[in-house]
Amino acid sequence: MANPMFSSSVLGRVIRYLASVASMALLIILMVSSASLAQELRVPDGESDVSQSDLHSYLLGNPISPPDTTSPRATFESFIIIMREASRIWRHVRDEFDQSGRPFLTDEEKLEIKFVLALIDKAAMVFDLEEIPLTARDRTAIETVLQFQEILDRIYIPPMDDIPGASAGSFLHSSARADLPESWIIPSTNITIARMNAGPRKGHYLVTSDTVEQIPDDYEVVKYFPTKVDSGEDLYDTYIYTPGQIVPPQWFNLVQIGPEWLQNRYGGQAYWQWLGLVLLSVTPIAFALSWYRFMRWRAVPVSAKLRYLRRLLAPIYLILCALVFRYLCENQINITGELMLAVSTISTAIFWGGLAWLSFRLMELIYTWAIRNPALPIESLDASLLHTGFRILSMIVAVVIAGYGATRIGIPVYGVIAGLGVGGIAIALAAQPTIENFIGGVILYADRMVRVGEFCEFDDLSGTIEAIGIRSTRLRALDRTVITISNSDLAKRKIVNFSRRDQFRLRHDLGLRYETSPDQMRDVLMKIRQYLGAHPLVQEGFRVRFKAFGEYALIIEMHGYVSAADLAEFLGVQEEILLRIGEIVSDSGSGFAIPSMTTYLTRDQGVDARKRQAAERHVADLRTGNALPFPDASDDEDAGPFEDVWPPQGSVARRKVEEAQG
C-alpha cells in the first residue's frame with residue numbers, strides 16, 4: 001500500500017523512472033528472447049510454424065486481434081501468453097501507484113490499465129460464455145479468466161507438444177483441423193477444451209460452458225495450494241477483495257487502517273463490501289421516500305404539461321439510480337461472484353423497466369403537446385381518438401423496450417412470444433370479450449357515431465360522452481352519475497346524437513278561443529307568419545296554418561326550424577317567439593282557450609269589440625286591394641310592423657347590438 005513518505009519526495013520520482021525503465025527493458029526482453037518466453041510458458045523448444053516473437057507481437061501488440069483457437073494447443077497457449085503479460089503489467093501499475101501516494105492515476109497508467117483489461121477480454125475469448133446473461137457477461141468473464149489462471153498456476157500442465165494441434169499463431173485451416181479430436185481434457189481434471197459445433201464460433205476450440213460453470217468450484221478447491229509459477233500472488237483474491245478497476249483507489253487506505261473486522265470475509269465479499277452495498281441500497285430508497293413525502297405537500301400544477309413533466313421525474317430518477325448503483329458496485333466497491341450477478345441482473349431490470357416507464361410518460365407528454373398546440377388544426381382531430389392512439393402506441397413502445405431489457409438479463413422473451421403461436425387459439429378465445437370491445441371501439445371511431453362532449457341517448461340511457469377508451473365508454477348522465485358501457489354493447493345500440501343537430505325543430509299547436517272570428521283568425525295567422533318570416537334565426541319553409549276545430553279551441557299549427565348552436569340557445573329563441581306570439585294574439589282581440597269547463601256567474605264581456613272591428617277592417621282593406629295573403633303569401637309581401645324583431649326590444653342582446661352599431 002501507499003507510503004506517505006514518498007508523496008512529495010524526489011525519491012518517489014526516481015523510483016517511478018526506474019520502474020518505467022525496468023518495464024521497458026522487460027518488454028524488450030520478452031519480444032526478443034523467444035527462448036526465455038518459451039521457458040516461462042513451459043513450452044519446449046522445437047519446431048513451430050511461427051516464431052515466439054511473431055506470436056508475442058500478434059497476441060499482445062494488437063489488442064483487438066482474436067486469440068488463436070483453431071486447436072486445443074493454440075487455445076491453451078494463447079491464454080497463457082496473454083495472461084502472463086496482463087499479470088505483469090497489472091502488478092507493475094499497481095505497485096507504482098501504491099508507492100506514489102497520488103490520489104489519482106496518471107494518463108499513462110490509465111492507458112496501461114485499459115491495455116490490461118483489453119488483454120483480459122481477449123483471454124476471455126477462449127471460453128464459451130453463451131450461457132451467461134449479457135448483462136453480467138463482462139464482469140463474469142474477468143472473474144472466470146482470473147480464476148482459470150490461478151487454477152493453471154497450481155495444477156500439473158503437460159508439455160505443449162502433448163496437447164493436440166499446432167502451436168498458437170498457426171491458425172490452422174479447416175482441412176488441417178479435420179484430423180484433430182473433438183475435445184481435449186487436461187490430465188487429472190475435468191477442464192475440457194472442445195470444438196464448437198454451432199454458433200458464431202463454430203469450428204473453434206473453446207473451454208466448454210460446463211467447464212466455465214465448474215471453474216469457481218475448482219478454484220475454491222485449489223486456492224490454498226501453492227503456485228508453481230509467477231510470484232505466488234493470488235490475483236483473483238486481490239481483485240475481488242479490493243475496490244476499483246484492478247488498481248485500488250487511495251481511499252481504500254481508510255478501510256485498511258480501520259477495524260480489522262472490516263477485512264473479514266463472508267459469502268465471497270469482505271465485510272466492508274457488504275456495508276457499502278447496504279449503504280448504496282438504502283440511500284436511494286430513503287431519498288425517494290423523502291421526495292415523495294415532500295411532493296405530497298406541493299400543489300398539483302394546473303397545467304397538464306407541467307403535470308406530465310412532473311411525472312417524468314420518477315422514471316428518470318429510477319434510471320439514474322440504477323446506473324449509479326451498478327457503477328459504484330462494480331467499479332468502486334467491486335462486488336463480485338454470484339452477488340455481482342444478482343446486482344447486475346436487478347440493476348439492469350430496473351434500468352430497462354425505468355426506460356420503458358419513461359417512454360410511456362414521454363408519449364403522454366407528446367400527446368398533451370399535440371392536443372394543446374395552437375399551430376395544429378386540432379379541430380379536425382378527434383381528441384379521444386388521438387389519446388387512445390397515443391395510449392396504444394405508448395404501450396407498444398414500452399413493451400418492446402421492456403422485452404429487449406428482459407433479453408439482456410437472460411429471459412428469452414422473443415422465444416416466449418414465438419411460443420404463444422401454439423396457444424394462440426386458446427388465448428384468442430379467452431380474450432374474446434376484450435378483443436370484441438376493442439373492435440367495437442374501432443367501429444365507434446371509424447363510423448364517428450359519437451365523440452367526447454356530445455350529448456347522446458342510448459335506448460334507456462342518456463348523457464354526455466366523457467371518454468372513449470380501448471375497452472369501454474364513460475357517460476355522464478343528467479343526474480351527474482357516471483355510466484360505463486362496453487364498446488361492443490354501445491356499437492350495437494340505437495344511438496341518438498343530439499349534439500349533431502344543425503337545426504332545432506319549432507313545433508307548437510296554438511288553441512284560440514271559439515269567439516275568434518274568421519277575420520281575426522286571418523289577422524293572427526298573417527302577423528305570426530310575418531313575424532317568423534322576419535326572424536333571422538327561423539329557417540325558410542316554416543308553416544303556420546289554421547289546422548282544426550278542437551274540442552274547446554280553434555287549433556293553429558306552427559312548425560319550423562331554428563338555427564342555434566346548442567339546446568340552451570334554442571330554448572332562449574323559442575321563449576322569445578312564444579312570448580311575441582302571445583302578444584300578437586292579444587293585439588288581435590282574441591285569446592287562448594282554457595282547456596277546462598268554466599261557469600260564469602257574471603255577464604260575459606266577450607271579446608274586445610273595438611279591436612275586433614279594427615282587425616276585420618284590416619282584412620277587408622287587404623281583400624279590397626287583392627292583397628289578402630291566403631292561401632299563400634305573395635313573394636313581395638312586406639314584413640310590416642315585424643321587420644325589426646330580433647334581438648327583441650328591451651333585451652340585453654338588443655342593447656349590445658345597439659352599442660356595437662352606435
Side-chain angles (χ1 to χ4, degrees), residues 1-2 12-13 15-34 36-43 52-68 77-102 104-126 138-139 141-150 152-153 168-169 227 229-250 252 331 334:
M1 292 293 100
R13 299 180 181 177
I15 291 177
R16 288 197 299 273
Y17 175 76
L18 293 177
S20 301
V21 173
S23 63
M24 184 64 69
L26 181 59
L27 181 60
I28 294 174
I29 292 173
L30 287 172
M31 295 180 63
V32 175
S33 177
S34 60
S36 299
L37 181 62
Q39 182 178 2
E40 180 183 355
L41 299 176
R42 290 182 281 171
V43 180
Q52 291 295 333
S53 297
D54 293 338
L55 177 62
H56 182 276
S57 176
Y58 173 77
L59 291 177
L60 305 182
N62 185 3
I64 64 173
S65 62
D68 185 1
E77 192 173 1
S78 296
F79 179 83
I80 293 177
I81 293 175
I82 294 171
M83 287 310 298
R84 289 291 185 270
E85 181 68 7
S87 300
R88 183 193 65 78
I89 300 176
W90 181 355
R91 293 190 186 95
H92 165 68
V93 175
R94 182 196 60 189
D95 295 341
E96 181 179 359
F97 180 66
D98 287 344
Q99 295 174 1
S100 67
R102 288 180 278 103
F104 303 105
L105 294 169
T106 63
D107 293 339
E108 182 181 354
E109 290 171 338
K110 291 179 181 178
L111 289 176
E112 290 181 306
I113 291 299
K114 290 182 179 179
F115 183 63
V116 172
L117 293 175
L119 292 177
I120 294 177
D121 288 340
K122 182 185 295 188
M125 296 176 68
V126 307
D138 293 340
R139 296 283 296 181
I142 295 176
E143 296 180 25
T144 301
V145 167
L146 296 179
Q147 288 176 329
F148 191 63
Q149 180 190 23
E150 296 302 324
L152 296 182
D153 287 345
T227 60
V229 294
D230 71 30
S231 63
E233 180 184 4
D234 190 335
L235 290 180
Y236 173 73
D237 186 81
T238 303
Y239 168 75
I240 63 173
Y241 293 115
T242 55
Q245 275 194 330
I246 298 179
V247 176
Q250 294 293 358
F252 185 58
N331 297 297
N334 196 25

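The structure places CD1 of Ile89 at 11.0 Å from CG of Leu117, a figure rounded to the nearest 0.5 Å. Between the CH2 atom of Trp90 and the CZ atom of Phe115 there is a distance of 15.0 Å, given to the nearest 0.5 Å. Here Glu109 contributes atom CD and Phe104 contributes atom CZ; the two are 13.0 Å apart, rounded to the nearest 0.5 Å. To the nearest 0.5 angstrom, Asp138 atom CG is 6.5 Å from Asp121 atom CG. Between atom OH of residue Tyr239 and atom CG of residue Asn334 there is a gap of 5.0 Å, rounded to the nearest 0.5 Å. Atoms CG and CD, on Leu105 and Glu96 in that order, are 10.0 Å from each other to the nearest 0.5 Å.
Formation of a donor-acceptor pair under 3.5 Å by the Gln147 side chain with backbone atoms of Tyr236 is not found in this model.
The shortest non-hydrogen separation linking Ile120 to Ala86 is CG1-CB, 4.5 Å. Nearest heavy atom pair, residue Ala123 against residue Ile82, reads CB-CG2, 4.0 Å. Of all heavy-atom pairs spanning Lys122 and Pro67, the tightest one is O-CG, 3.5 Å. A pairwise comparison of heavy atoms in Glu150 and Leu235 identifies OE2-N, 3.1 Å as the closest pair.
No side-chain heavy atom of Val116 sits under 4.5 Å from any side-chain heavy atom of Val93. You'll find the side chain of Ile81 stays beyond 4.5 Å of the side chain of Glu85, heavy atoms only.
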Q.
If you apply the rule side chain to side chain contact (heavy atoms under 4.5 Å, CB included), what do you find for Leu152 with Met83, and how did you get there?
A. CA-CA 11 Å; Leu152 296 182; Met83 287 310 298; over 6 Å; no
